[in-house]
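Here is the structure we will look at.
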Amino acid sequence: MSGDELRDLYQDVIIDHGKRPRNFRKLEDATCTAEGFNPLCGDQLRIYLKLADGVIEDIGFQGVGCAISQASASLMTLAVKGQKPEEALALFARVHTLLTEGPNGRVTPGELGKLAVLSGVWEFPVRVKCATLAWHTLRSALEGSARQVTTE
């Protein structure tokens with residue numbers, strides 16, 4: 001697959017998750033929640049987590065935002081469900097590095113599975129905050145912070 005074909009595939013996946021986000025719902029039995037806001041783009045979301053037996057048993061989110069914000073939140077929920085909180089935070093660190101530094105040898109798209117579709121975002125610095133908002137909000141929920149997460 002050529003670079004252009006791969007880029008087109010990644011864009012298609014982001015558009016799909018942006019239009020039809022997975023796990024877009026409120027969890028009535030959430031054990032922790034957090035809110036996030038990106039004033040630059042207007043993205044707002046709330047993450048709902050149900051922690052049980054030391055793992056993220058269920059996760060959902062609600063909110064409004066651009067396609068990248070919604071897609072990132074959707075992909076994140078799929079990636080962290082069933083993980084231990086420390087595994088989810090380690091994944092956040094790798095995704096954040098990829099989004100802010102690009103493929104640099106320390107983190108490559110290949111090691112992130114389906115999250116690799118976010119790899120092109122680093123080329124557009126103004127959009128990085130859109131893609132990282134859900135992840136910062138997840139970290140806040142896991143840490144039990146009551147403060148709203150903001151990208152500014």
Side-chain angles (χ1 to χ4, degrees), residues 10-27 30-52 54-152:
Y10 286 179
Q11 286 178 339
D12 290 346
V13 172
I14 287 175
I15 290 168
D16 177 49
H17 278 267
K19 287 182 177 177
R20 294 180 299 124
R22 283 38 159 212
N23 297 305
F24 189 86
R25 67 192 193 288
K26 180 179 182 178
L27 295 183
T31 56
C32 47
T33 66
E35 289 184 35
F37 178 56
N38 174 4
L40 186 64
C41 194
D43 306 317
Q44 294 180 324
L45 60 85
R46 177 179 285 271
I47 300 286
Y48 303 92
L49 295 172
K50 181 178 181 186
L51 299 175
V55 299
I56 299 170
E57 183 177 279
D58 203 1
I59 182 171
F61 77 100
Q62 290 183 314
V64 295
C66 68
I68 291 173
S69 171
Q70 296 291 291
S72 183
S74 175
L75 289 159
M76 179 196 71
T77 64
L78 295 173
V80 302
K81 193 179 221 177
Q83 288 192 336
K84 295 177 183 176
E86 57 272 16
E87 294 170 330
L89 292 173
L91 181 59
F92 164 63
R94 291 196 312 274
V95 168
H96 191 267
T97 298
L98 183 67
L99 289 170
T100 57
E101 300 175 22
N104 59 11
R106 291 189 313 130
V107 177
T108 62
E111 72 185 76
L112 294 176
K114 292 180 180 180
L115 295 172
V117 301
L118 298 172
S119 65
V121 174
W122 81 276
E123 296 178 42
F124 306 95
V126 73
R127 304 315 300 249
V128 168
K129 291 179 179 183
C130 303
T132 59
L133 178 64
W135 294 88
H136 285 290
T137 308
L138 170 68
R139 180 177 62 192
S140 182
L142 289 171
E143 293 173 350
S145 176
R147 265 184 45 241
Q148 180 186 53
V149 174
T150 181
T151 57
E152 294 302 308

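- Inspection of the T33 and R46 side chains reveals an N or O donor paired with an N or O acceptor under 3.5 Å.
- Of all heavy-atom pairs spanning P85 and G54, the tightest one is CD-O, 3.3 Å.
- The two atoms that bring G120 and F124 nearest to each other are O-CD1, 3.6 Å, heavy atoms only.
- Each of E87, K84, K50 was scored for a side-chain contact (heavy atoms from CB on, under 4.5 Å) with V55, with one residue passing: K84.
- With rounding to the nearest 0.5 angstrom, the NZ atom of K81 is 9.0 Å from the CD1 atom of I59.
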Step-by-step side-chain contact (heavy atoms from CB on, under 4.5 Å) determination, E101 to V107:
CA-CA 9 Å; E101 300 175 22; V107 177; over 6 Å; no
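- Summarising the geometry, atom OG belonging to S119 is positioned 8.5 Å from atom CG belonging to L112; distances are rounded to the nearest 0.5 Å.
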Walk me through whether C41 and R127 qualify under side-chain contact (heavy atoms from CB on, under 4.5 Å).
CA-CA 8 Å; C41 194; R127 304 315 300 249; 4.1 Å; yes
Run E57 and L27 through side-chain contact (heavy atoms from CB on, under 4.5 Å) and show every step you take.
CA-CA 11 Å; E57 183 177 279; L27 295 183; over 6 Å; no
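- For K19, the side chain to side chain contact (heavy atoms under 4.5 Å, CB included) test picks out I15, with sequence neighbours left out.
- To the nearest 0.5 Å, atom CG of residue L45 and atom CD of residue Q62 are 10.5 Å apart.
- Between the CG atom of L115 and the CG atom of L91 there is a distance of 5.5 Å, given to the nearest 0.5 Å.
- Closest approach of L75 and H17 over heavy atoms only: CD2-NE2, 3.6 Å.
- Closest approach of T137 and G36 over heavy atoms only: OG1-CA, 3.4 Å.
- Across L51 and T31, no two heavy atoms sit closer than the pair N-OG1, 2.9 Å.
- Annotation: side chain of L40 is in contact with side chain of V126 (closest heavy-atom distance under 4.5 Å).
- Looking at N23 and L78, their side chains come closer than 4.5 Å, going by heavy atoms from C-beta outward.
- The minimum heavy-atom distance linking S72 with A131 is given by the pair OG-O, 2.5 Å.
- Remark: side-chain polar atoms of R20 are not paired, donor with acceptor, to backbone N or O of G18 under 3.5 angstrom.
- Note that CG of D43 and CD of Q70 are 7.5 Å apart. Values are rounded to the nearest 0.5 Å.
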Output, in order, the C-alpha distance, side-chain angles, deciding distance and verdict of side-chain contact (heavy atoms from CB on, under 4.5 Å) for R22 and D16.
CA-CA 10 Å; R22 283 38 159 212; D16 177 49; 2.6 Å; yes
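- Rounding to the nearest 0.5 Å places CD1 of I47 at 6.5 Å from CG of L138.
- Below 30°, between 30° and 60°, or above 60°: for W135 and F92 the angle between ring planes is below 30°, a parallel geometry.
- F61 and F24 have their aromatic ring centers within a separation under 6.0 angstrom.
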